[in-house]
Amino acid sequence: MKSVAFLLLVFLDGVSSDVCTYQDILDYLNLTTGNTAFKLTRPVLDHKHATVVKLNIILYAILAVVEKTQTFVPFVWISVKWNNERISWNPDKFCGISQISVPKNLLWKPDLLIYEMIQKDDSPQLQSMTISYDGTVSMDENLRVFSTCHMDVHKFPFDTQECNISISSANHCIDEMRIIPISNSTRATQFSHQLIRTQGEWEFLHLTVSSQNFSYEERKWEMLTYAFTMKRRPLLHVINLLLPVLFFLTLDLASFFIADYRGEKLGFKVTVLLAISVLLLILNEILPSMSNKTPLIATYCIVIFALMLVSLLETILVTYLMDKDSQEKLSHGRHFGDKNDQINTKNCEEENKGETCCRICTMSDGEKQHELLPVVEEVNNGIHSPESNVLLSILEELKKLQTALFLHLNCGKKQGNSSCWARKINKVFFIFYLITVLLFLSFIFMEWNS
Ligand SMILES: *[C@@H]1O[C@H](CO)[C@@H](O)[C@H](O)[C@H]1NC(C)=O
Ligand SMILES: *[C@@H]1O[C@H](CO)[C@@H](O)[C@H](O)[C@H]1NC(C)=O
């Protein structure tokens with residue numbers, strides 16, 4: 001009976017040794033919340049040992065890139081591994097348990113610092129870390145990094161930006177803590193490409209990992225730098241800004257073909273210029289005020305604005321010359337006569353072959369009548385008949401119409417010396433303007449492309 005009980009006890013004991021809990025391991029390690037040995041100091045048995053921290057960063061999302069404030073906000077997954085020399089157990093003695101998960105506040109953690117970080121991420125963090133039987137502790141963290149990044153907006157919106165995240169220990173120099181990347185640049189880029197969720201306006205290109213040592217107060221520190229390279233998707237800015245400005249420039253060019261010199265052309269040009277200045281406000285919202293090199297887009301807008309301004313001034317000059325000419329016609333034309341006018345007209349005609357208006361509009365009223373329609377008296381002197389009365393009334397009507405037509409068509413267009421100049425200026429300026437615009441546009445697009 002006794003031996004049976006003993007056997008049963010042995011049997012039960014055997015079964016119980018096959019059932020293990022995670023707590024058994026914690027008990028074995030003396031790893032309790034009250035045990036400060038695990039928390040307070042770097043977990044090495046000899047202080048000369050350096051703790052090797054292995055680090056991996058994977059980019060999950062590009063949340064924001066703000067040129068105005070020069071901030072870069074990526075969402076990254078940082079995974080850190082290091083060796084805790086106080087921890088080790090034999091998995092065979094604990095039913096093969098090789099790793100357990102414990103709360104983060106139970107153990108010492110490396111004091112890693114992100115140099116570019118300008119604001120703490122207060123979103124909830126993962127609460128646990130994993131420890132392995134050989135003492136490897138691994139900890140993962142999802143972090144929204146508000147970092148500062150120097151951005152060069154010279155080629156905006158066709159630019160590529162590189163932003164860094166540099167990680168180093170806050171207190172431990174290189175003799176105490178080494179920081180080593182787990183995966184090289186190629187692998188890290190590959191992982192990030194697989195895992196990235198949102199990129200927004202940006203296209204993530206690659207991630208470069210580099211390590212450097214820096215000295216501070218005669219101690220050396222190791223720093224790991226992850227450089228994120230990304231390219232802007234320019235479509236929105238092209239639609240929002242570049243194309244509209246180009247359209248307005250085309251309108252301005254087209255306005256040279258508005259053959260009206262009485263102010264409508266002027267009004268049109270002023271409207272186009274105002275439209276461009278509204279677009280310049282958008283630019284002001286996007287770009288930072290400090291920049292070493294003038295952004296090409298600013299050059300683009302300002303030069304186009306200036307060109308359109310010059311063309312507006314030219315139109316004002318031409319309008320002024322035309323007005324001056326018609327004023328002269330009104331005040332001097334009748335008194336000093338037709339001779340003067342005829343001379344001017346001749347010059348004008350030589351320059352503008354095929355223009356017939358000059359001759360007509362500089363003729364005195366008497367001449368006009370002689371030229372085109374017979375005077376009523378001439379007809380009256382002829383044969384009197386009922387038909388001739390009808391003809392006379394038709395003639396009367398025609399004369400009225402003729403006068404009205406001359407007033408309407410030609411009086412505004414009287415061609416004198418100034419008008420000829422105005423026409424010349426307009427022609428030369430248009431060619432000059434067109435060439436300048438084409439040269440400038442090809443230059444700026446070449447710069448953007450380079
Ligand atoms: C845990 O503590 C006990 C008693 O304080 C000690 O005998 C044992 O060696 C400790 N275990 C470890 C793994 O340090
Ligand atoms: C930094 O210093 C460590 C130890 O002195 C050395 O092994 C490592 O190669 C150095 N790294 C660089 C980038 O110089």
Side-chain angles (χ1 to χ4, degrees), residues 42 50-82 104 108-126 129 137-153 159-189 191-192 195-196 199 202 204-230 288 290-292:
R42 202 159 55 84
T51 301
V52 178
V53 176
K54 292 178 182 170
L55 197 86
N56 208 16
I57 290 189
I58 288 172
L59 181 70
Y60 260 161
I62 298 171
L63 298 180
V65 179
V66 188
E67 296 81 13
K68 190 97 185 159
T69 52
Q70 305 262 307
T71 42
F72 168 56
V73 188
F75 192 72
V76 290
W77 177 38
I78 304 180
S79 89
V80 188
K81 273 185 193 157
W82 68 91
K104 272 185 183 168
W108 175 90
K109 293 186 290 292
D111 49 348
L112 296 177
L113 192 76
I114 298 178
Y115 279 85
E116 286 83 4
M117 198 141 161
I118 46 169
Q119 189 187 332
K120 271 234 152 25
D121 178 18
D122 38 17
S123 59
Q125 296 296 319
L126 296 176
M129 54 168 109
V137 184
S138 41
M139 183 174 80
D140 288 329
E141 214 141 7
N142 287 325
L143 207 61
R144 192 165 43 171
V145 186
F146 293 91
S147 66
T148 173
C149 169
H150 177 75
M151 288 174 219
D152 182 10
V153 289
D159 52 343
T160 303
Q161 300 294 350
E162 188 183 290
C163 290
N164 290 347
I165 288 186
S166 313
I167 298 181
S168 166
S169 164
N171 296 308
H172 300 286
C173 57
I174 199 161
D175 304 323
E176 295 166 355
M177 194 192 286
R178 303 288 315 269
I179 302 176
I180 287 170
I182 294 177
S183 36
N184 61 15
S185 303
T186 322
R187 293 272 292 162
T189 304
F191 280 138
S192 294
L195 288 172
I196 196 155
Q199 307 177 60
W202 296 86
F204 168 69
L205 295 181
H206 53 84
L207 180 55
T208 318
V209 192
S210 61
S211 166
Q212 68 251 33
N213 295 336
F214 71 96
S215 299
Y216 179 68
E217 288 183 349
E218 290 167 18
R219 295 209 293 171
K220 239 169 55 172
W221 312 68
E222 188 159 37
M223 183 161 77
L224 211 60
T225 304
Y226 285 82
F228 300 87
T229 311
M230 62 221 157
M290 302 188 306
S291 196
N292 302 346

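For clarity, every value in this text was computed on a predicted model and none was experimentally measured.
Here the side chains of Tyr115 and Asn164 are not in contact, with every heavy-atom distance at 4.5 Å or above. Residues Thr160 and Met230 have side chains not in contact (no heavy-atom distance under 4.5 Å, counting atoms from C-beta outward). Annotation: side chain of Trp221 is not in contact with side chain of Asn213 (no heavy-atom distance under 4.5 Å). Proximity of Ser147 to Met117: side-chain heavy atoms (C-beta onward) are nowhere separated by under 4.5 Å. Two residues are said to be in side-chain contact when any heavy atoms from C-beta on lie closer than 4.5 Å; Thr225 and Ile165 fail this criterion. Considering only heavy atoms from C-beta on, Leu112 comes within 4.5 Å of Leu55 through its side chain. By the 4.5 Å heavy-atom criterion applied to side chains, Cys149 and Phe228 are not counted as neighbours. Side chains of Ile180 and Val53 form no contact here, defined as non-hydrogen atoms less than 4.5 Å apart.
With values rounded to the nearest 0.5 angstrom, Ile118 atom CD1 is found 7.0 Å from Thr69 atom OG1. In this structure, Ile167 CD1 and Ile179 CD1 are separated by 7.5 Å, a value rounded to the nearest 0.5 Å. Atoms CE and CH2, on Met177 and Trp82 in that order, are 9.0 Å from each other to the nearest 0.5 Å. Rounded to the nearest 0.5 Å, atoms CD (Gln125) and CG (Asn142) are 7.5 Å apart. To the nearest 0.5 Å, the span separating CD1 on Ile114 from OG on Ser166 amounts to 9.0 Å. Between atom CG of residue Leu63 and atom CZ of residue Phe146 there is a gap of 8.0 Å, rounded to the nearest 0.5 Å.
Of the possible polar contacts, one joining the Thr189 side chain to the Leu207 backbone as a donor-acceptor pair under 3.5 Å is found. Between the side chain of Gln199 and the backbone N or O of Phe204 there is at least one donor-acceptor pair closer than 3.5 Å. A donor-acceptor distance shorter than 3.5 angstrom exists from the side chain of Ser192 to the backbone of Leu59, with no hydrogens or angles considered. One N or O on the side chain of Ser185 and one on the backbone of Val209 form a donor-acceptor pair closer than 3.5 Å. A side-chain donor-acceptor contact under 3.5 Å links Asp111 to the backbone of Asn171. In this structure, the side chain of Asp121 engages the main chain of Arg144 through a donor-acceptor pair within 3.5 Å. Checked by atom type and distance alone, the side chain of Lys104 pairs as donor or acceptor with a backbone atom of Leu126 at under 3.5 Å. In this structure a side-chain-to-backbone donor-acceptor pair under 3.5 Å is missing from Glu222 to Ser168. Within the 3.5 Å criterion, the main-chain N or O of Met151 finds a donor-acceptor partner in the side chain of Gln70.
For the residue pair Ser79 / Asn56, no side-chain donor-acceptor distance below 3.5 Å is found, with atom types taken as modelled. For Thr229 and Gln161, the side-chain atoms include no donor-acceptor pair closer than 3.5 Å.
Glu67 meets the salt bridge (Lys or Arg N to Asp or Glu O under 4.0 Å) test with Arg232; sequence neighbours excluded.
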side-chain contact (heavy atoms from CB on, under 4.5 Å) between Ser215 and Lys220, worked out: CA-CA 4 Å; Ser215 299; Lys220 239 169 55 172; 3.6 Å; yes
Given Trp108 and Thr51, is the side-chain contact (heavy atoms from CB on, under 4.5 Å) satisfied, shown in steps? CA-CA 12 Å; Trp108 175 90; Thr51 301; 4.3 Å; yes
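Between Phe75 and Tyr60, the ring planes lie parallel to each other; the angle is under 30°, not in the 30° to 60° tilted range.
More than 12 heavy atoms of other shown residues, nucleotides or ligands fall within 6.0 angstrom of atom NZ in Lys109.
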